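Keep in mind the model is a prediction, meaning the values are calculated, not measured.
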Amino acid sequence: MIDENRFEAGALCATGVPAERVLEEVRELRSSDAPTHGGRLFAYVYDPAVPGLDELAAAAHQESAHVNGLDPTAFPSLLAMENALVGAAGRVLGAGPGTTAPDVVGSVTSGGTESLILAVKTARDAHPEIAAPRIVVPSSAHAAFAKAAHYLRVALDVVPVSPETLRPDPAAMAAAIRPETVLVACSAPSYAHGVVDPVTQIAAAAAEAEVRCHVDACFGGWTLPYLRRLGEPVPPFDFAVPGVTSISVDLHKYAYAPKGVSVLLHRDASLRAPQYFAYADWPGYTMINPVIASTRSGGPIAAAYATLRHLGDEGYLRLTAITRDAVAGLADAVRAVDGLRLMAEPESTVVCFTATDGGPDLFVLVDELTARGWHTQPQLSYDGLPTSVHLTVTAAVAPRVAEFGPDLTDAVAAAQAAGPVALPPELTALATSLTPDALTPELVAGLAAGLGMGGETDGAPLPERMAVVNTLLDAAPPALRERLLVEFVGLLQRPTW
Ligand SMILES: *Cc1c(COP(=O)(O)O)cnc(C)c1O
């Protein structure tokens, strides 16, 4: 006998639910998400606000959702679309016939993190003779490099960025290169602050040492070239720069494709060769994988292909112009408010600001902005860099810019009136004295409950106001931040029975 109640809460119900109701359930669940459209979410989503684009991408996704990228000979459609995407990315990034990088090749991956893991793996596997390989990255490099180093057992040499320029000193990057270094990396631009690293000098130092140089253009690879064409002073960062051996660019960011598509480019096929994994030593099919996944849905690839084809070069130029103007408007709004200052003059599509002395508590400000419908991203203080607020700006923000200034002024006034978060002294003591190893699951559960997190499974798992949580995290050193968040997220990720 099947007990119907046993199947109530999980995804598998005793008898199937009609299609219409299932869709209602999904919509109902989606209603508590941050808004992916409307230009008020400054992280996670990239929205061009082009009518009909979502429908086109969804239709293309549907056409190819069940096609498997595992074998390009069985599904030549995916091979063709991947080659087209790689060619487009190469074109945008200074490669292809008639350029100084005519032999560029690449792969389509599931995202920026996979592209970076593969860039590190490829560099590592190009040097099997190096027993303990290392990579050099600026401290502003995306966390995915640390993840790659961790997964691949490659040591990470981190060069601090200057608190003034938010860039690494190229001489310090050069000095960090050792005989075991297999890769030097930099960003165009960095995610946190949106500044472009001195790619020319870093790549020259890497070339001099005969080490590969990866430019992480996951964020800006699809906007910097268009900003340059619009007359903005974009420094060299692509394959036109001698010594750059690979570049990553996320199509699910500023190419405005739905999630699940990034491109990793190498200057030539011999540089790419160690990226492949091939295995014939089992009784099944010989496996030849250019990327981490083996079975891969064609859906995201087809959706990205349709998006690029539909928007076209002119479309991207237009969307970048709109975004540039939105960035300028938001930066002006920040400049106009007492108590805030830009971390850097915007040189890409990020607006990042911090508080001046006597300015508002930024974590309280972020909550005040959320209460006014603006979803910004707080960034914790780190290695001499202050707490900051990050805004990823996309074309959809443009029509909202005029509303942002007054709301920001209002939110700052409210945050000033509320004053900074005062943590109970015992929490501060805990955050500053606790070592990650001393954190027991019980201690974390107690902390989480105290902060209003993760307790009730049927209530809201997250507190409405995050300032207290952010203040606690900010007081803790990075290793403790990591442990605390792993435990918190672990508390959220429990099966529904
Ligand atoms: C987003 C981003 C990544 C990681 O990309 P995912 O698609 O989230 O895995 C890497 N580098 C930079 C600069 C990014 O902005």
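F404 pairs by the ring-ring contact (aromatic ring centres under 6.0 Å, His included) definition with F42, W374, not counting sequence neighbours.
Looking at R212, its side chain does come within 3.5 Å of a backbone N or O of L271 through a donor-acceptor pair. Side chain of D268 to backbone of D103: no donor-acceptor contact under 3.5 angstrom is found. Checking side-chain atoms of S139 against main-chain N and O of V161 turns up a donor-acceptor pair under 3.5 Å. Formation of a donor-acceptor pair under 3.5 Å by the R481 side chain with backbone atoms of L473 is found in this model. Remark: side-chain polar atoms of T354 are paired, donor with acceptor, to backbone N or O of T387 under 3.5 angstrom. Under the 3.5 Å distance criterion, the side-chain polar atoms of E63 are left unmatched by any main-chain donor or acceptor of A302. The backbone N or O of H375 lies less than 3.5 Å from no partner atom in the side chain of T370, so there is not a single donor-acceptor pair. In this structure, R400 contributes its side chain and G39 its backbone to no donor-acceptor pair below 3.5 Å. For the pair Y256 (side chain) and A395 (backbone), a donor-acceptor distance under 3.5 Å is present. Panel note: side chain R229, backbone L317; no donor-acceptor pair is recorded below 3.5 Å.
I130 CD1 to R178 CZ: the interatomic distance, rounded to the nearest 0.5 Å, is 12.0 Å. Taken to the nearest 0.5 Å, the CG atom of D157 stands 11.5 Å off from the CG atom of L183. L264 contributes atom CG, which lies 6.0 Å from atom OG of S246 (distance to the nearest 0.5 angstrom). Here the straight-line distance linking atom CG of L365 with atom OG1 of T376 works out to 7.0 Å at 0.5 Å rounding. L311 CG to T307 OG1: the interatomic distance, rounded to the nearest 0.5 Å, is 6.5 Å. With rounding to the nearest 0.5 Å, the separation of OG in S115 from CG in L265 is 8.5 Å.
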Can you check side chain to side chain contact (heavy atoms under 4.5 Å, CB included) on E82 and L79, steps first, answer last? CA-CA 5 Å; E82 286 199 354; L79 181 64; 5.5 Å; no

Tell me, with the steps shown, if H390 and S388 meet side-chain hydrogen bond (donor to acceptor under 3.5 Å, both in side chains). CA-CA 7 Å; H390 168 109; S388 60; over 6 Å; no

Decide yes or no on side chain to side chain contact (heavy atoms under 4.5 Å, CB included) for E403 and R40, but give the supporting numbers first. CA-CA 10 Å; E403 300 156 31; R40 285 171 161 267; 3.0 Å; yes

Assess whether side-chain hydrogen bond (donor to acceptor under 3.5 Å, both in side chains) is satisfied between D47 and T394, documenting all intermediate values. CA-CA 6 Å; D47 180 13; T394 58; over 6 Å; no

Walk me through it: do T295 and N68 pass the test side-chain hydrogen bond (donor to acceptor under 3.5 Å, both in side chains)? CA-CA 6 Å; T295 284; N68 193 339; 3.2 Å; yes

Side chain to side chain contact (heavy atoms under 4.5 Å, CB included) between V196 and V234, worked out: CA-CA 8 Å; V196 181; V234 174; 5.5 Å; no

Apply side chain to side chain contact (heavy atoms under 4.5 Å, CB included) to V350 and F219, showing your working. CA-CA 10 Å; V350 171; F219 187 84; 3.5 Å; yes

Yes or no on side-chain hydrogen bond (donor to acceptor under 3.5 Å, both in side chains) for S248 and H214, after CA distance, side-chain angles and deciding distance? CA-CA 8 Å; S248 49; H214 181 82; 2.9 Å; yes

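Classification of the W282-Y285 ring pair by plane angle, with boundaries at 30° and 60°, yields perpendicular. Note on ring orientation: taking the six-membered ring where Trp is involved, the planes of Y191 and H142 are perpendicular (angle over 60°, cut-offs 30° and 60°).
In this structure, D238 and V215 have side chains that are not in contact, with every pair of non-hydrogen atoms separated by 4.5 Å or more. Between Y44 and Q377, some side-chain heavy-atom pair lies under the 4.5 Å cut-off. Proximity of V389 to V366: side-chain heavy atoms (C-beta onward) are separated by under 4.5 Å at one or more points. Side-chain contact between L408 and L340: present, with at least one pair of heavy atoms (C-beta onward) separated by less than 4.5 Å.
Counting all heavy atoms, side chain and backbone alike, L152 lies closest to I117 at CD1-O, 3.5 Å. Smallest separation of non-hydrogen atoms from A255 and L308: CB-CD1, 3.9 Å. Considering every non-hydrogen atom in both T36 and V45, the closest pair reads O-CG2, 3.6 Å. Closest approach of D197 and P138 over heavy atoms only: OD2-CG, 3.6 Å. Residues V199 and V244 come closest through the heavy atom pair CG1-CG2, 3.9 Å. The two residues D367 and M466 have their closest heavy-atom pair at OD2-N, 3.0 Å.
Between D313 and R91, no side-chain nitrogen of the basic residue sits less than 4.0 Å from a carboxylate oxygen of the acidic one, so the salt-bridge criterion is not met. Ion pair E345/R335 flagged as a salt bridge, since at least one NZ, NE, NH1 or NH2 atom sits closer than 4.0 Å to an Asp/Glu carboxylate oxygen. Between E347 and R167 there is a salt bridge, with a side-chain nitrogen of the basic residue lying less than 4.0 Å from a carboxylate oxygen of the acidic one. Residues E368 and R372 are paired through a salt bridge, judged by an N-O separation under 4.0 Å between the basic side chain and the carboxylate.
Each of T323, T349, T223 was compared with Y254 under the side-chain hydrogen bond (donor to acceptor under 3.5 Å, both in side chains) criterion, and only T349 meets it.
Annotation: E314, atom CD; neighbour count of heavy atoms from other residues, nucleotides and ligands within 6.0 Å does not exceed 12.
Counted by atom type alone, D474 and S381 present one or more donor-acceptor pairs between their side chains at under 3.5 Å.
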